[in-house]
Amino acid sequence: MNELDLMTKIVSLCKRRGFVFQSSEIYGGLKSAYDYGPLGVELKRNIAAAWWRSMVYERDDIVGIDASIIMHPKVWETSGHVAGFSDPLVDCLNCKERFRGDKAPRVASGTEVTYVKGGKSGGEKLKGVVGPQGYVCPVCGSSDLSGERQFNGMFRTTLGPVDPLDDFFKEIRGKDLSERDMRGVYEDCLRRSLVYLRPETAQAMFVQFLNVQQSSSMKVPFGIAQHGKSFRNEIVVEHFIFRSCEFEQMEMEFFVEPGTHQHWLDYWTKERISWYRKYANHGEAFRLRQHDENELAHYSDDCYDVEYLYPWGWGELEGIASRTDYDLKRHGEATGVKLSYFDQNKPDPETGKMGWRYVPYVIEPAAGLTRSVLAFLLDAYTEERGVDANGQEKIRTVLKLHPALAPIKAAVLPLVKKDGQPEKAESIAKELRRAGLNVSCDEAQSIGKRYAKHDEIGTPYCITVDPQTLEDGSVTLRFRDTAEQKRLAIAECVQTVIEGARHPL
Ligand code: GAP
């Protein structure tokens, strides 16, 4: 299969079967936001639950929080997001594309380039010379570009009943101000009620460090985990849900003793790559890549990405950063609150006396939840060629999702809609639901079509109820990945499904 075709097939399957829809589709849609349908919401919740399970339930050194999306605006000044979270934005004066200068194709300044007028095929050929910025338009290759404007990636909104525009008009009424001065007045008015939608979930874990540590009596090393929505006004949204403006993250801040951070960075990189591989069919499509020095964020002294081999090439899925003591120190300095930890059993390295107060270092595995939905869908998508009963070639589409991630764990299928079969199917479904599984009782269409539908949406087990079931209490259990069928007693079948849907250890 052509690798880019795969993406088209995934997008189509997502809409057809109810995984992911374009936001506000009937109004023409928003390119930068997506809605998760009945199956997508299950897949997303299952991935988040698997992550929470491995981060919080399976260990006693990490606790969770669920913080607000809107935080005090000073948080983002202190974290560096107000000043640093900005991209150089450039307009192509030839084809009108708006793009990030730092991501544009590099071409040495002074190089002569040829491009098509307006970027339209068949148009007049033009010649240009690459300017001092050293790049060309990523779409039409033109060197005819605007200058760079800094564009902050955080969404701004206002809190409270006062509209900053009212204040603005009051302030400028009767004054003859330049455009620059008016902008200054507007920014002042806005600042009185300005808040941001968080661009990462991480900052709440730093800001609530003391509350969590003290209320839960956590001892370093310990972590705080959270997953939830984040918002970035991305200039380029791309590859379906890979990069959108509203998305979800799963982040954990692990607070460690200074000097032990390299050990914990190694530990978490190994943990995180093995977490993905446990749920994947193609472990080799997930890899770790260490950042070059020039890629490191301002707060980080080392960082690895978990990358996935998307149809367009390797790309980021999660960043695991050694954030030093940057965030706790900065928030401590900005608020005057000591965000430190006292270890009474360790000598202070400077004085040699028992008892050491220090600002913990932080290792941060920061994963994309919505991006993981895409990676696991791509990993699971399979087409198997075969022949049908009439000797015609047919393709079986199977979504080989790990059973713990699959939206529906089992479909109970009565062969016919009569003779007590639907009632029997319902009673088996009830037993599985009692065990906490999301199960579907499906009566519509032929049994073959029902199997095909459940293969395509990743249901790992189909349980077929037929006349024999009513006689001897046995059912047919069909396994999605192999299409193998087994005749089993109902109790054994239920047990097999419950066991199969468990998370891997
Ligand atoms: N607290 C650190 C942090 O936010 P990041 O690398 O900017 O680090 C972490 O984000 C993860 O969040 C990324 O690896 C990616 O999976 C996901 N992510 C970031 N921006 C995204 C976007 N615009 N759309 C979807 N996922 C995104």
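The analysis underlying the following values was restricted to heavy atoms, covering all of them including side chains, and did not include hydrogens, waters or symmetry mates. Read the numbers this way: they start at 1 and go in the same order the structure lists the ligands and their atoms.
Applying the salt bridge (charged side-chain N to carboxylate O under 4.0 Å, His left out) definition to pairs two or more places apart or across chains, those involving residues 139-154 are Asp91-Arg149. Sorted by first then second residue, the ring-ring contact (aromatic ring centres under 6.0 Å, His included) pairs that include residues 281-303, not counting sequence neighbours, are Tyr276-Phe286, Phe286-Tyr308, His298-Tyr326.
Looking at atom 1 (N) of ligand 1, its nearest protein heavy atom turns out to be Glu251 OE2, 2.5 Å. For atom 17 (C) of ligand 1, the nearest non-hydrogen atom of the protein is Gly368 CA, 3.7 Å. For atom 16 (O) of ligand 1, the closest heavy atom belonging to the protein is Leu317 O, 2.8 Å. When hydrogens are left out, the protein atom nearest atom 13 (C) of ligand 1 is Glu316 OE2, 3.3 Å; that is the closest non-hydrogen contact. Of the protein's non-hydrogen atoms, the one nearest atom 11 (C) of ligand 1 is Ala366 O, 3.6 Å. In terms of protein heavy-atom proximity, atom 25 (C) of ligand 1 is nearest to Phe242 O, 3.1 Å. What sits closest to atom 18 (N) of ligand 1 on the protein, heavy atoms only, is Phe247 CE1, 3.5 Å. The closest protein non-hydrogen atom to atom 10 (O) of ligand 1 is Gln249 NE2, 3.2 Å.
Of the possible polar contacts, one joining the Thr111 side chain to the Ala108 backbone as a donor-acceptor pair under 3.5 Å is found.
Of all the atoms in ligand 1, the ones that sit under 4.0 Å from a non-hydrogen atom of Ala202 are 1 (N). Under a 4.0 Å criterion applied to the non-hydrogen atoms of Arg323, ligand 1 contributes the atoms 1 (N), 2 (C). Atoms of ligand 1 lying under 4.0 Å from at least one heavy atom of Glu318, given by number and element, are 14 (O).
For the pair Arg287 and Trp314, the cation-pi test (distance below 6.0 Å, angle within 45°) is passed. In this structure, Arg272 is positioned above the aromatic face of Trp275, its NZ or CZ under 6.0 Å from the six-membered ring centre and within 45° of the axis.
Rounding to the nearest 0.5 Å gives a distance of 8.0 Å between CD of Glu234 and OG of Ser244.
The shortest N or O to N or O distance between Ser244 and ligand 1 is under 3.5 Å. Below 3.5 Å of separation, one finds an N or O of Glu364 facing an N or O of ligand 1.
Using a 4.0 Å cut-off between charged nitrogen and carboxylate oxygen, Arg156 and Glu187 count as a salt-bridge pair.
Here atom 7 (O) of ligand 1 lies nearest to Arg232 when heavy atoms of His239, Arg232, Glu200 are compared.
The neighbour count for Arg45 CZ, taken as heavy atoms of other residues, nucleotides or ligands under 6.0 Å away, does not exceed 12.
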Walk me through it: do Ile47 and Lys44 pass the test side chain to side chain contact (heavy atoms under 4.5 Å, CB included)? CA-CA 5 Å; Ile47 295 171; Lys44 180 152 66 71; 5.9 Å; no
